[in-house]
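Everything below concerns the one structure shown next.
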Amino acid sequence: MTDSSQSPDLETMRHSCAHVMAAAIQTLWPKAQFGVGPTTENGFYYDVLVDSNITEDDLARIETAMRKIRKKKHRFVRSTVPTDDAIALMQTQDQPFKVDLLELLKNKGSTAIEKALDDDKAAAVETDASGQPTVTLYQTGDFTDLCRGPHVAHSGEIGQFKLHKLAGAYWRGDEKNPQLQRIYGLCFAEKAQLEAEIERLEQLKLRDHRRLAKILKIYHFEDEIGRGLPLWLPAGMTIRQELEYLAQRYEREDGYVNVATPHIAKASLYHKSGHLPYYKEDMYNPIELDNEDYYLRPMNCPHHHMVYRSEPRSYRDLPVRISEWGQVYRYEKSGALNGLMRVRGFCMNDAHIYCRYDQVKEEFQKVIALHARYYQLFDIEDFKMILALPDHDKANKYSDDKENWEKTATTIREAMDEMGFPYEEEEGEAAFYGPKIDFIIKSALGTEYTISTCQLDFMAPCRFSLDYRGESGEQEPVLVIHRAPLGTHERFIAFLLEHYGGNFPTWLAPCQVKIIPISDRHCEYARRVHDALFATNVQCATGGIRSETDLSNERMQKKIRNAQIEKVPYMVVIGDQEVESDTITVRLRDGSALNSIPVSAFIDRLKTEIEQRTTIETASSEGE
Ligand SMILES: [Zn+2]
Ligand SMILES: [Zn+2]
């Protein structure tokens, strides 16, 4: 067992290590109740419930107990027993979660259990010679677990491990169920690999958007407001405004118009759109008003369709491109909430394009090109595009309009191929109303997620009578493109925080310049510098350069350090020499400096950098 790659052996080792951790926990907390313990990409976890909470300090104790078990080289002993006997056994051992699993297994079969737990090793049901359903149990020392296997031969082969994280997890992911503690462990064949992974995780922690957002004061959650409902603080709002300003510019060039629509609508609108009843579990409960039900909107589309329908359209008017940063609300299980990545209310870079069939390919390409433009600007290189197609075997999920499915999918393939963009195809991932391209990006933390989609929709035009008067005078249905290249402010800004490690390019930085007077007698000059920056006319959301003056009593070095922690791109230090010579000394985030330069030269540099949205941030760059 010395295989060092991500081979099935490593998987087996990690899985076996999870058993050993559970066994160790049982020696320390004899009444511990166990949930499930699957492997992860760098180890494993196990969900447990003990009477006193397991703390960070306990992890070392558990590790010690695991090492003892490793030394003992207990064999993993397999036994096959009738499911009912296993239920009885787990009942006598007071393992209600295992009983729950066994009952799920008995009544619904192993696929249901895998789906419920997202774990393919939880258990499998088979039948013995007499046709009676059986399950497999594995015993390691005194610990017996319900499991499908396979395992390493004995507990001496579980490799190098470290328990590194504690979290809460509701049983079967449902907040109505008891909350267990999830203990995460790392597991590798070799010690050096384990140490490298520990180091990597340390580095990643520093980039976690939740940590950076706290330092940069981007957003705040307050219990009294509600879970998953962020309060955007001034610094976060500045980033939102710059992104909106950017989108406004780019979309204007592409012929979009802006609208503003309400956050709620009557139930009837969502019946028409198909959100009710199909999307109901993801929506907030209705608000009753004048004997009618109103819903917080989970999507902006129906509102935009109503804008399209607000006047008669002719073939000459098309395409109509309706854009809005639209606030929507979706019910996410509280266990799924994660900083800004998963929230219950968010603002989308939404737009809907209404066009004729002969225009759709070009419009689709323009949207893809817009994505490419953004990705280049933000230096996003690690992304992929997926063409999501229907799975026609799932007749209840996808409409049976095969002709339209084929036609729209072909259009997307042609559009993508002409542009030379590589993409993968996936069946069963399409929206219920049409095929789409999903954009998957990888954050600096290595997690992949869908940041945006570009969808073709041939259903909404029927449901909402979205049509136009054709050349021949007949009413014809339009095609709708749904798109949101910058996704939601919440997810995109969380991504940017991790992507840049908090070091935003100057145009996005909430505070662009920190002015640091060395002592009180330099404050007057500092104010003049601030006013000059403030008054500079810059093409950006705030219309001027964003600077703050540090008037605290701290020493200069401390002020500089604080500005560095806040990751401010430029620090302007003002002392006697600067006041006398009417210049400034500028320190950059990378440690380089511009010594004794006129304020006007600094302003020119900043103005160019912000307006061109470049990331030149070293003193020795061009022009210096
Ligand atoms: Zn196992
Ligand atoms: Zn839409």
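Order of appearance sets the numbers: ligands from 1, and atoms from 1 within every ligand.
- Ring to ring, His154 and Phe76 are not that close: their centroids are 6.0 angstrom or more apart.
- Between the SG atom of Cys301 and the ND1 atom of His482, the angle centred on the Zn ion (ligand 2) amounts to 110° when rounded to 10°.
- Of all the N, O or S atoms in His151, the one closest to the Zn ion (ligand 1) is NE2.
- Note that the CD1 atom of Ile25 and the CG atom of Leu163 stand 7.5 Å from one another [nearest 0.5 Å].
- Residue His15 approaches the Zn ion (ligand 1) most closely through its N/O/S atom NE2.
- For a distance bound of 2.8 Å, the N, O or S atoms of His304 include none lying that close to the Zn ion (ligand 2).
- Each of Phe495, Phe439, Tyr250 was compared with Tyr374 under the ring-ring contact (aromatic ring centres under 6.0 Å, His included) criterion, and only Tyr250 meets it.
- The side-chain tip of Arg61 points at the ring of Trp29 from less than 6.0 angstrom away and within 45° of straight on.
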